[in-house]
Amino acid sequence: MTTELPKQYEPQAAQQRWYSQWEQDGRFDADPNPDKQPHTIMIPLPNVTGALHMGHALNGTLQDLITRWRRMQGYEALWQPGTDHAGIATQSVVERRMLEEEGLTRHDIGREALVERIWKWKDEYEARILNQLRQMGASCDWRRTRFTLDEVCSAAVRKTFFKLFSEGLIFRGKRLVNWDTFLQTAVANDEVFHETVPGHFWTFTYPVAGSDEKIAFSTTRPETMLGDSAVAVHPDDERYKHLIGTNVVIPLTGREIPIIADGQLVDKELGTGAVKVTPAHDHNDYACGQRHGLELINILNADGTINEAGGPYAGMDRYDARKKCIADMEQLGHLVEIEDREIEIAHSDRSKTPIEPYLSDQWFVAMQDLAQAAIDAVEDGRVRFFPARYSKTYLDWLGEKRDWCISRQLWWGHQIPIWYCDSCTEAELQAAFADRDDVAFRRDAEDTIWLICSETDLAEDALGGDHKLTRDPDVLDTWFSSALWPHETLGWPEKTESLDYFYPGSVLITSRDIITLWVARMVIMGLYNMGDIPFAHVHIHPKILDGFGQTMSKSKGNGVNPMDLIDKYGTDALRFTIASFAGESQDVKLPVGYECPHCGNVIPQTLKHQKAIPAGGDKPRVKCDKCKQESQFSSAWFDPDPGEPVARIVSERFEYGRNFCNKLWNAARFAIMNLEGYTPGEISESELRLEDRWILSRLSRTTRAVNELLSEYKFDAATRTLRDFVWNEFCDWYVEMVKPRLRDEAAQASSQRILVGVLDGIVRLLSPFTPFVTEELWSRLNEIAPERGLFEPQTAADSCMIAPYPDFPADWQNEGLESEFARLQETIVAVRNLRAVYRIANAVELKLHIRCSAEVAAELNDVASQFENLAKAELVAAGPDVDSPPASASFSLTDADGFVPLEGIVDLDAELKRQQAEAEKIRGHIAGHEKKLSNQNFVDRAPPHVVEDVRETLAGLKKQLESVDEIIGQLSG
RNA sequence: GGGCGAUUAGCUCAGUUGGCUAGAGCGCCACGUUUACACCGUGGAUGUCGGGGGUUCGAGUCCCUCAUCGCCCACCA
């Protein structure tokens, strides 16, 4: 009737078939529905810079898991997809490539052409990324896919900027920024990395004006002498106290600057105790300059050359100027010492060139009130972090309330909607924009120019022919638009139905490194624009590290491509394994290896492999330790030569998921093979056997645990719970126990109904974790048993992913029955153990005598056939009067002793030794317990139930020991 | 320098509010093709729970301290 299932689950076919089917059926679509509760997850938008990595795979798996789970629970579940334009990251990737391949810089081709190229890049990579998400089974509502430069997002950005500007929360100011002289842009702190390089530490002197004295100081950047505004000493430093208030002369330029006292900047014990102060080129000096009202002397042009403030050095590159400053100072007799020293130099993460602290005009958002609102939202519990400890990261950062620099000197992004006019009057502006409520203007802080903010683009001649408007060329920080993600994607500032229904979101799932950059800012902007939090929960998941505990990154060459893993192990295996990683406590190490293309052997990856960069001729190779052949391998540093067999990166960790999927597949395969002649029908209580009631009890308990664990984002525990249940309980015990009934005509109908009912529940439980294999099985079950269920048969849903998520009655749970079952299991294991110890072949039938209470005997007799079935042993006697037959091997449980006559097989000496070892072990446990109980403090102070437990356990152990001793007596007698 | 986290079997990790005779997967050993599955089954071995103090009747779990590792923030004239 049905075609037989293959012995192994074949993921690739199922993945292709079902994903397109789901999309075709609109299964991922989420629309406002008054009859359902909304459940909203906004994707942490991937950058359009490259391909998905393991971090995305983890992040995406968890979001999809929660979305699928909630969808099955009956929520209108939206998973909003999209990508981020990622300002600097994308622009610099495109620029770098352009330079490498064509020798062109952005200045060669101009703004428009560069932006056009980046759009092309974006189209290609966005498509690739979204396609990779699909391969991971992501159930995003693709109709809603957004890109942060989409029209709706632009509108939201404009609106927000305008609102902030109008309310005085956006201002323009001079600030020291991290300047990338190569890309000619400010870069954020998080885009800066520090590298230790060998350098020098120069000590110079400045002569004190009108005196013979000199004051010595040290620096690692001599050219900044050109911009010095003061020399600072510690107010308590006896060496220099008398000089405070006098002036020194900078020999290079002849400029006079004061000696000031600053206890914050200066540490008496360090260096000479005197510090040159360059407020325009050093962050600490800047703060010092603010304290003392020092002049800000900017000596650099945007490209890193010295500007006119540098006098004779103007026009030189800063490093050439450095050499000349040193030479000149030496010639003037002011160079004291050169010391070789390792220096940490800030580098731009994008261009990999050294950063210069640089004074420039930037736009800021005033954070005082905005940050406070976001702090309140977490402190009063409207936004909750899982795990809770991460709220500290969030609160600490927001607590600093540092103004947010939102301007970036880039061409790729949302251009700042500000126009300047330096010639017009207020009256002219008012006249021009009288009827415009989307235009606002004011003077800048220094009262030099008009700042005009508009929600729509203004023409150059918007003020008439006399005045020219020029637009600020800068773009906004990427995070400005992504901060709006949770509401802009739903149509804000329009009051759309979707916005009303899906906002605020349910949970944000992301990794900890963007708690400040992104999570905090979404809360801020959500509260500001919507008057409501963007999401109720924030789940922070672990990071996947390489086998050596390092974060995976392109620059380390230790990345792993999830698509390779999908190819090798299947999507479900990847998802299931990844979910098993995602616990609360720590990051996860993922050792990987190279799969030998010749023999399939996996060669462990070493640090050397990660760093192997081809130098000249041949590409690096990896040697297989099994077949001794060499091959090129997947690497971040080179593409293997065409036609070469390639050792790709795999990880045996994913066999965990693959094997599990296969186990599930085969359990279902077994069931389906045994559903011949299945008829749907009600299952009555009276038909239930011990194993049925047991598996239902376990199923109910498992279901409940999984639902609870998922609601707390404990994916690892949920995964383990399911695996244990399916493999160790359902497959290992239940399926084995029903086998005889399925062959027995009288019992067949009901056992088929129960079996398929339980399997149906398992498949639904697993569907959010492993959507493809479950859907495949679901469709097979729909062919052979379209009506099924516990206890009333119902027509199954067309697709597993829209079937209701299980929520079995709690009253199926039965603790007494489970412990009764546990005794049966123990007994069977004990018999199997004897078989193994005495090497008795399965074909040899054993006889089993059990001494136990009449009550236990009755229970065992009820399931006597299972001893035959599972241990190939016949239960010949059970009860209080059972004696050990001669030449028996035996085992002893808490409330039963078992004897297996093994005439001619059992080696009585060996058996004696085995029992003696057993007795020894029990005595050890007994001693431990007795010690506890003999401690009066324990008996008096420990809770009564704990004491009672210990007493009971001890009694059990003693009884067990008695039996063992008796056996020993018989054996040695 | 400040904060957070980690250190448990050869490897990768679980271990809820202290009650543990410390678990899982992989790997290892022995046996096994019993018609769901060798991506399997059955049985087995393996730990001073990083070191040292303390609190407690009782510590893998709480506190202090040291060591090592990771991440975040700040800073390094």
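Basis for what follows: all heavy atoms, side chains included, without hydrogens, waters or symmetry-related copies. Below, chains carry the letters A, B, ... as their sequence lines are ordered, and counting in each starts from 1. These figures come from a predicted structure and were not determined experimentally.
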**Q** Using OP1 and OP2 only, check whether a side-chain N or O of A:Arg720 sits under 4.0 Å from B:A14.
**A** no
**Q** Would you tabulate the side-chain donor-acceptor contacts of residues 943-950 of chain A under 3.5 Å, counting partners in other chains and residues two or more places apart, or write 'none'?
**A**
none

**Q** Quick one: on RNA chain B, does A:Gln936 or A:Ala717 contact a more 5' nucleotide (nearest heavy atom)?
**A** A:Ala717
**Q** Show every salt bridge (charged side-chain N to carboxylate O under 4.0 Å, His left out) that has at least one partner inside residues 654-665 of chain A, sequence neighbours left out.
**A** none
**Q** Determine: side-chain N/O of A:Trp397 to OP1/OP2 of B:G2, distance under 4.0 Å, yes or no.
**A** no
**Q** What's the gap between B:U8 and B:C49 when it is taken at their C1' atoms, as a whole Å value?
**A** 4 Å
**Q** Would you say A:Asn833 places a side-chain N or O within less than 4.0 Å of OP1 or OP2 belonging to B:G44?
**A** yes
**Q** Could you work out the separation of B:G58 and B:G19 based on their P atoms and round it to a whole Å?
**A** 15 Å
**Q** Given A:Arg389 and A:Glu584, is the salt bridge (Lys or Arg N to Asp or Glu O under 4.0 Å) satisfied, shown in steps?
**A** CA-CA 10 Å; A:Arg389 74 183 116 95; A:Glu584 291 214 298; over 6 Å; no
**Q** Between B:G43, B:C73, B:C71, spot the one nearest the side chain of A:Thr551, thanks.
**A** B:C71
**Q** For the P atoms, the ones on B:C71 and on B:G25, what distance do you get once it is rounded to whole angstrom?
**A** 31 Å
**Q** Can you name the atoms? Protein N/O to nucleotides 33-36 of chain B N/O, anything below 3.5 Å, with the distance.
**A**
{"from": "B:A36", "atom 1": "OP1", "to": "A:Lys739", "atom 2": "NZ", "distance (Å)": "3.3"}
{"from": "B:A36", "atom 1": "O3'", "to": "A:Arg669", "atom 2": "NH1", "distance (Å)": "3.0"}
{"from": "B:A36", "atom 1": "O2'", "to": "A:Asn666", "atom 2": "OD1", "distance (Å)": "2.6"}
{"from": "B:A36", "atom 1": "O2'", "to": "A:Arg669", "atom 2": "NH1", "distance (Å)": "2.5"}
{"from": "B:A36", "atom 1": "N7", "to": "A:Lys739", "atom 2": "NZ", "distance (Å)": "3.2"}
{"from": "B:A36", "atom 1": "N6", "to": "A:Cys731", "atom 2": "O", "distance (Å)": "3.4"}
{"from": "B:A36", "atom 1": "N6", "to": "A:Glu736", "atom 2": "OE2", "distance (Å)": "3.0"}
{"from": "B:A36", "atom 1": "N3", "to": "A:Asn666", "atom 2": "O", "distance (Å)": "3.0"}
{"from": "B:A36", "atom 1": "N3", "to": "A:Ala667", "atom 2": "N", "distance (Å)": "3.3"}

**Q** If we take the P atom in both B:G60 and B:U35, what is their distance in whole Å?
**A** 47 Å
**Q** Within the 4.0 Å limit for protein heavy atoms, which parts of nucleotides 3-11 of chain B are touched? Write it as a string from 5' to 3', B for base, S for sugar-phosphate only, - for none.
**A** SSSS-----
**Q** Would you find a donor on one side and an acceptor on the other, under 3.5 Å apart, between the side chain of A:Asp572 and the backbone of A:Phe772?
**A** yes
**Q** Separation of A:Asn178 atom CG from B:A74 atom P, in whole Å?
**A** 10 Å
**Q** A:Phe217 near the nucleic acid: base, sugar-phosphate alone, or nothing, with a heavy-atom cut-off under 4.0 Å?
**A** nothing
**Q** Closer than 4.0 angstrom, basic N to acidic O: yes or no for A:Arg221 and A:Asp282?
**A** yes
**Q** What integer number of Å spans the P atoms of B:A45 and B:U55?
**A** 38 Å
**Q** In plain terms, say whether A:Arg780 and A:Glu776 are close enough for a salt bridge, that is, a side-chain N and a carboxylate O under 4.0 Å apart.
**A** yes
**Q** Below 6.0 angstrom between ring centroids: does that apply to A:Phe386 and A:His541?
**A** no
**Q** Should the pair A:Lys543-A:Asp513 be classified as a salt bridge under the 4.0 Å nitrogen-to-oxygen rule?
**A** yes
**Q** Would you call A:Asp546-A:Lys589 a salt bridge at under 4.0 Å N-O?
**A** no
**Q** So, the side chain of A:Tyr240 versus the backbone of A:Gly273: is there a donor-acceptor pair under 3.5 Å, distance only?
**A** no
**Q** Using heavy-atom distances to pick each residue's nearest nucleotide on RNA chain B, tell me which of A:Lys589 and A:Gly273 is more 5'.
**A** A:Lys589
**Q** Distance check, C1' atoms only: B:G5 and B:G50, in whole angstrom units.
**A** 15 Å
**Q** Rounded to whole Å, how long is the line connecting atom CG of A:Leu565 with atom P of B:C39?
**A** 19 Å
**Q** For A:Arg839 and B:A30, give me the distance from atom CZ to atom C1', rounded to whole Å.
**A** 6 Å
**Q** Are any of the side-chain nitrogens in A:Glu868 or A:Lys872 under 4.0 Å away from the carboxylate oxygens of its partner?
**A** no
**Q** For B:A36 and B:G41, measure between their P atoms and round to the nearest Å.
**A** 13 Å
**Q** Which dot-bracket notation, 5' to 3', represents the base pairing of RNA chain B when pairs are defined as Watson-Crick or G-U with both distances under 3.5 Å, crossing pairs as [ ], and inter-strand pairs as |?
**A** (((((((..((((.....[...)))).(((((.......))))).....(((((..]....))))))))))))....
**Q** Between B:C28 and B:U21, how many Å separate the two C1' atoms, rounded to a whole number?
**A** 24 Å
**Q** Quick one: side chain to side chain donor-acceptor pair (under 3.5 Å) partners of A:Ser865, sequence neighbours excluded?
**A** none
**Q** Starting from C1' on B:C20, measure out to CZ on A:Phe938 and report it in whole angstrom.
**A** 13 Å
